[in-house]
**Q** 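Quick one: the structure is below, questions incoming.
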2 protein chains.
Amino acid sequence: MLDVTLQALADPTRRAIVARLAAGESRVTELAAPFAISLNSVSKHVRMLERAKLVSRRVAGREHFISLTPGPMDEAIGWMTQQKALWAWRLGRLEEVLDHG
Amino acid sequence: MLDVTLQALADPTRRAIVARLAAGESRVTELAAPFAISLNSVSKHVRMLERAKLVSRRVAGREHFISLTPGPMDEAIGWMTQQKALWAWRLGRLEEVLDHG
DNA sequence: GCATTATTCACCCCTAGAGGTGAATATGTT
DNA sequence: AACATATTCACCTCTAGGGGTGAATAATGC
């Protein structure tokens, strides 16, 4: 799923949505408000975040409440951290990564 | 540059290249060897990793030695970690992220 | 000089994605 | 019932990306 996660986060609009959701769940319309793009486009962005399981949806009447599910980010963080660790280990300075990497 | 970094890492072939480079620098041909795709395609993948500054190139004669530059991953790791932290903080369980996130 | 090796350049094809608009669906309000 | 709101569906356009092939460029080896 790393593909889907990283691709989902590669788009600035979607990262802004994620950042917004870190502050709490919100409706699609609220998510769309800050952007100059159409509500429809935001809806599609949300769908891609859903596909990446970075958000989940709670439907209450006609409103869809989107909330963050940061779990998949762990895998991405883990992969990058591991690559960095291997690289640093080969260079003989593993401490650099373990200390503040 | 988060866009470029995450997009570069979103492709499995490029992640495999990065993983290979964590073990040490290597030539484009060596990088291409494990893949079923053409050398040309691998060359393009390397170019995208270069654009993301995840790798750098040292030209020695006709050989191009590619090596990992994991710096940009810090920014990506930092962004995700921060989002997770904000989210967890709002939920009142910051320790979850600080301990093993 | 000539052939071989390493890599890129210049194209082509095809799909995915980001944007749009207008209609459909579903719920809420009066 | 009639209207308004929230969201998605269905389509269109355009560009970027991943794949390919064949030629060009550059360096090595003979």
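A note on names: the letters A, B, ... follow the listed sequences, proteins ahead of strands, and every chain is numbered from 1.
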**Q** On the ring face of B/Phe65, is B/Arg58 found with NZ or CZ under 6.0 Å from the centre and within 45° of the axis?
**A**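 Positive - B/Arg58 is close enough to the ring of B/Phe65 and near enough to its axis.
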**Q** Please state how far atom CG in B/Leu9 lies from atom C1' in D/dG17, giving the value in whole angstrom units.
**A**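 The answer, rounded to whole Å, is 16 Å.
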**Q** Would you find a donor on one side and an acceptor on the other, under 3.5 Å apart, between the side chain of A/Arg90 and the backbone of B/Ala22?
**A**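 Such a contact is found between A/Arg90 side chain and B/Ala22 backbone.
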**Q** Nearest whole angstrom, please: distance from the P of D/dA16 to the CG of A/Asp11.
**A**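 For the pair A/Asp11 CG and D/dA16 P, the rounded distance is 14 Å.
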**Q** Is the shortest side-chain heavy-atom distance between B/Arg15 and A/Gln83 below 4.5 Å?
**A**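 In short, these two side chains do not touch, never coming nearer than 4.5 Å.
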**Q** Would you say that B/Lys53 contacts B/Val4 through its side chain, given a criterion of any heavy-atom pair below 4.5 Å between the two side chains?
**A**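 Heavy-atom side-chain distance check fails, nothing below 4.5 Å.
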**Q** Side-chain contact test, heavy atoms from C-beta onward, threshold under 4.5 Å: evaluate it for B/Val55 versus B/Ile66 and give yes or no.
**A**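 Result yes, sub-4.5 Å side-chain heavy-atom pair found.
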**Q** Rounding to an integer number of Å, can you tell me how far A/Gln7 CD sits from C/dG17 C1'?
**A**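 My rounded result for the distance is 8 Å.
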**Q** Taking atom C1' of D/dA6 as reference, at what distance in whole Å does atom CZ of A/Arg58 sit?
**A**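 Those two atoms, CZ and C1', are 15 Å apart.
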**Q** Rounded to the nearest angstrom, tell me the gap between atom CZ in B/Arg47 and atom C1' in D/dG18.
**A**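 Rounded to the whole Å, the gap is 12 Å.
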**Q** Of all the choices, D/dC11, D/dT5, D/dT7, which nucleotide is nearest to the side chain of A/Arg62 once you look at every atom?
**A**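 Side chain of A/Arg62 sits closest to D/dT5.
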**Q** Can you tell me the distance, in whole Å, between the CG atom of B/Asp3 and the C1' atom of D/dA16?
**A**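 These atoms are roughly 14 Å apart.
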**Q** Does a side-chain N-to-carboxylate-O contact under 4.0 Å join B/Arg47 and B/Glu50?
**A**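 Looking at B/Glu50 together with B/Arg47, the answer is no, because their closest N to O distance does not fall below 4.0 Å.
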**Q** Can you pull out the residues from residues 23-42 of chain A that lie within a 4.0 Å heavy-atom distance of DNA chain D?
**A**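 Contacts with DNA chain D under 4.0 Å: A/Arg27, A/Val28, A/Thr29, A/Leu39, A/Asn40.
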**Q** Tell me if a side-chain donor or acceptor on B/Thr5 pairs with a main-chain N or O of B/Met1 at a distance below 3.5 Å.
**A**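 Checked: pair present.
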**Q** For the pair B/Ser41 (side chain) and B/Ile37 (backbone), establish whether a donor and an acceptor sit closer than 3.5 Å, ignoring hydrogens and angles.
**A**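 No.
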**Q** I'd like to know if the side chain of B/Gln82 and the backbone of B/Trp79 have a donor-acceptor N/O pair within less than 3.5 Å.
**A**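 No: the side chain of B/Gln82 does not pair with the backbone of B/Trp79.
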**Q** Could you check how far CG of A/Leu6 sits from C1' of C/dG17, rounded to whole Å?
**A**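 To the nearest whole Å, that distance equals 16 Å.
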**Q** Does B/His45 place a side-chain N or O at less than 4.0 Å from the phosphate oxygens OP1/OP2 of D/dG17?
**A**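 No, outside the criterion.
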**Q** Want to settle it: does B/Val46 or A/Glu63 sit nearer the 5' end of DNA chain C, counting the closest nucleotide to each?
**A**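 The residue whose closest nucleotide sits nearer the 5' end is B/Val46.
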**Q** Near DNA chain D, under 4.0 Å by heavy atom, which residues of residues 13-21 of chain B?
**A**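 Hits under 4.0 Å, by residue number: B/Arg14.
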**Q** Would the base of C/dG17 count as contacting A/Lys44 through its side chain, where contact means a donor and an acceptor less than 3.5 Å apart?
**A**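 Flag unset: no donor-acceptor pair detected.
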